[in-house]
Amino acid sequence: MQPSTRSTAVFAVAIAALMGASVVLQIARDRATPASHETARYLYLRSGTVIEHLAVAYQTLVADAYWIRAIQHYGGDRLSSGGSGRYELLYPLLDITTTLDPRFTIAYRFGAIFLAEAPPGGPGRPDQAVALLRKGMRAEPDKWQYVLDIGFVYYWQLREPAAAARWFRRASTIPGSPNWLEPLAAAMLVQGGDRRSSRFLWQQIRATADQEWLRNLADRRLLQLQAMDQIDQLQQIVTEFDRRSPPIRLTWEHLYRAGVVRGVPLDPAGTPYALDPIRGTVMMSPASPLFPLPAEPAAAKAPNS
Amino acid sequence: MQSAIRTEELTKDYAVGFWRKRPHRALDRLSIDVAPGEVFGFLGPNGAGKTTTLKLLMQLIFPTSGRAEILGQPVGAVAVRRRLGYLPENPYFYDYLTAEELLGYFASLFGYVGPERRRRVSMLLDRVGIGAERRMQLRKFSKGMLQRVGIAQALINDPEVVFLDEPMSGLDPVGRREVRALMLELRDRGTTLFFSSHILADAEALCSRVAILAGGRLTAIGQLSELLAFEIRGWELVVADLRPELIDRLGDVVRHHAEIAPGRYALELTLAEPPERLLAEVLGAGARLVALNPLRDTLEDVFMKHVAEASSHRMTTE
Amino acid sequence: MRAIRHIAVNVFRESVRDKVLYNLVFFAVLLISASYLLGQLTAGQDVKIIKDLGLAATSIFGLFIAVFIGIGLVSKEVERRSVYGVLAKPVRRHEFVLGKYLGLVLTLAVNIAVMAVALYLVLGYMAWMTPANVQAAWDAPALDPALLKAVFLIFVELCLITAVALFFSTFSSSILSAVLTFGMFVAGHFDADLKNFDQVVASPAAGALARGMYYVLPNLASFDVKADVVHGQPVPWALMGLATGYGLVYIAMLVLAAMFIFSRRDFK
């Protein structure tokens, strides 16, 4: 009855086989299950205050758990493209996270970006983004970043340069804020948030960003601005071509054969631009990582103002 | 004839230490052979390797090297376990079972059922002196009562070989005498008994053969009479009405002396001179003889000598 | 086989004596008092809350039984050395492990069955007390047989946790086993989150690690259909079958590993 090497081998093989079978079953189960089963779409407790009491002495830890859940929720819905992403729990999750840990800076700032992002990349709720950041301001009044971020939302998603300018000015009065906020506010007021001031804003942020994600965001915004310029240029070319040539389907191929473009034009992320063959409108492809482009205030639309 | 218990070079190393494990030899090449029907005493101080040996024989631990057989089959074989009984050291069973239920459970593991099982359980509990308490949960049992239950469970299957690890521990003097009687009864029925103890009086009263273990090594093995058959190492002479100055005159022959009552002395004499001559001299000086006894080695002396040898051996080798 | 059966029955008897089943009384009191209080407070939704509470309590009480008794199964026996007496009997070590496991599964089954009956009794009483127009607003009827699906999967999950406890307790102390088992329970419920981890983290290595963990750790979230059942969402039979199959395979693996380790260890 001494344990033999043979029985050890038998055990090892059996255990490995069962592990394998469990993986196969898990994959089968994941396939068989509709996406809604994967993560609970129910949030039983919506009151951060209640959870705070339940969390006893581990509020920040529970906050971390909710923050991870918020990211999962956002990431999961973003993945399930095709418009099924509803992001309906994003705000409650972020709200709970920040109630449990009111100084969770990243949850306010990142959360606001998630919330403000237009569909399908996000729920398109700049109002909730502003509400979340205002909550952060109440928790930490001397954090100019929250004020600046509110300004962004007003400028970028809500298209209200005047309101954005007010928030930038307010941020500039907080000790420790960067010195470019004041000129930014002024430019915003004068020029109504045109691309030049946008570019200036994001270049400043990129140069002074102390965090990776903020730098990435600035890069993305700068690329989007570049794409908007390119689209305007391409639109001019296409419109000109359309006026001179007989009415045909407008495709990049035709334009290339006619020698108007040197190839299929790519956006700064390397995805071809889309061209509506009937109306001749140049657009960003929804497949591009830079999609969707922010809408611009009417005043700023003219390319060379 | 086939041995009841046989070990060959049985060795067990334990890894000790937390980070850097190094082997500690708990049992070193033990070879013993116990014949059927023997009462074999396994003696040694705490930590000598007695419990390790018993656990190896029960295959609660696996040997580093060497082998062990019970009734001619390798230890651990289920067929062998049907024929043996085992009392662990300081036995502990299930808190929430009664003594009756525990024995019933163990009996069922041997395949006893129904009235036969009930009969066996009740007979054994009677035998170890557990009366009405048998319907009580074991967590309410004293150490001595648990020991009795432990002995009863070791005998549930009428074993041919019984292993008892410190059977007397936790028992009061009455309990000891009862257990001793029980063991003699088993011996008379031909059961092989293998028991460990550090209480030598038990071994002296029960064993046909003993082994002495120290520091994981076997230091002596043999019949009690062999181990104790040393020639006498002196005499004890007790006399009354002795004048103290006489003692000095007797010289080196007197190893020790003590006045045990006024004028009454106990003298320990060496073997240097025959006691008759001294006796004549002492009586000639007007003293009265009270007693003259030979001094022999007790098992304790033998034990101490072997244990001391083993530890000095260890000190020189390590 | 005989030995396995006797050991299992003994585990059940011991846990009954250990007043494990007293938790059923707590369960009943909790449900009845909650239903009484809710009846005073809310209108209409109280049946849903009773279901939530009943299923959650079934799962939590069961978890405590699975962990604490599951640990006691083996490591407490080793620590208290009661295992010495049993293993000297004609019992193979793997029979001992299997008997212990089946005994606790039996205890859990009895426990959960009684809880399910209590839950249905309370729900039946509430349905009887509620006018039909209010009942019409419920997501699912009070005596919804689908509740049994949730209860059954809770049972499978608890059997799996018991197997985890058994596995740890074959080689570690009871306190450590309890900690590890609870850790495994928590990890098992977060496990589903690991699957899409690579979408959230930048490092491909971390993503691959998370995915590997997703498949190796027990995925306990797959047994959790409480919310669907309570809201009257259908739980397909295919899902039930796959979850149960997954549970059984994982349990078999853990029990086999426990037997393997236990058959080879020394009892110092």
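Residue numbers start from 1 in every chain, and the chains themselves are labelled A, B, ... in the order their sequence lines are given, proteins ahead of strands. Remember, predicted model here, so these are calculated numbers, not experimental data.
For L148(C), the CG atom sits in a packed shell: over 12 heavy atoms of surrounding residues, nucleotides or ligands are nearer than 6.0 Å.
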**Q.** side-chain contact (heavy atoms from CB on, under 4.5 Å) between M58(B) and Y84(C), worked out
**A.** CA-CA 9 Å; M58(B) 292 303 111; Y84(C) 294 1; over 6 Å; no

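Using a 3.5 Å distance cut-off with no hydrogens or angles, the side chains of Y92(B) and R81(C) do not pair a donor with an acceptor.
Only the side chain of R2(C) comes within less than 4.5 Å of a heavy atom of chain B; its backbone N, CA, C and O stay farther away. Neither the backbone nor the side chain of P91(B) comes within less than 4.5 Å of any heavy atom in chain C. N90(B) touches chain C through backbone and side chain together, each having a heavy atom under 4.5 Å away.
Below 4.5 Å, heavy atoms of chain B meet heavy atoms from H6(C), I7(C), N10(C), R13(C), E14(C), R17(C), all part of residues 4-17 of chain C. Near-neighbour residues of residues 118-136 of chain B relative to chain C, defined by a heavy atom under 4.5 Å from a heavy atom of that chain, are none.
When the candidates Y105(B), F163(B), Y86(B), F93(B) are compared by the number of heavy-atom contacts under 4.5 Å with chain C, Y105(B) comes out ahead. Residue with the most contacts toward chain C among E89(B), E101(B), Q153(B): E101(B) (heavy-atom pairs, distance under 4.5 Å).
Closest of all the heavy-atom pairs between A88(C) and R81(B) is O-CD, 3.3 Å. What you find for G85(C) and P88(B) is that their closest heavy atoms are N-CG, 4.3 Å. Residues L109(B) and P90(C) come closest through the heavy atom pair O-CG, 3.8 Å. In this structure, K89(C) and F110(B) approach most closely via the heavy-atom pair CD-CE1, 3.1 Å. Of all heavy-atom pairs spanning S82(C) and Y94(B), the tightest one is OG-CE2, 4.2 Å.
Ion pairing between a basic and an acidic side chain is recognised when a charged N comes within 4.0 Å of a carboxylate O; D266(C) and K12(B) show such pairing.
Both tests do not hold together for K55(B) against F267(C): distance to the six-membered ring centre under 6.0 Å, angle to the ring axis within 45°.
Annotation: the span from R93(C) atom CZ to Q59(B) atom CD amounts to 6.5 Å, rounded to 0.5 Å.
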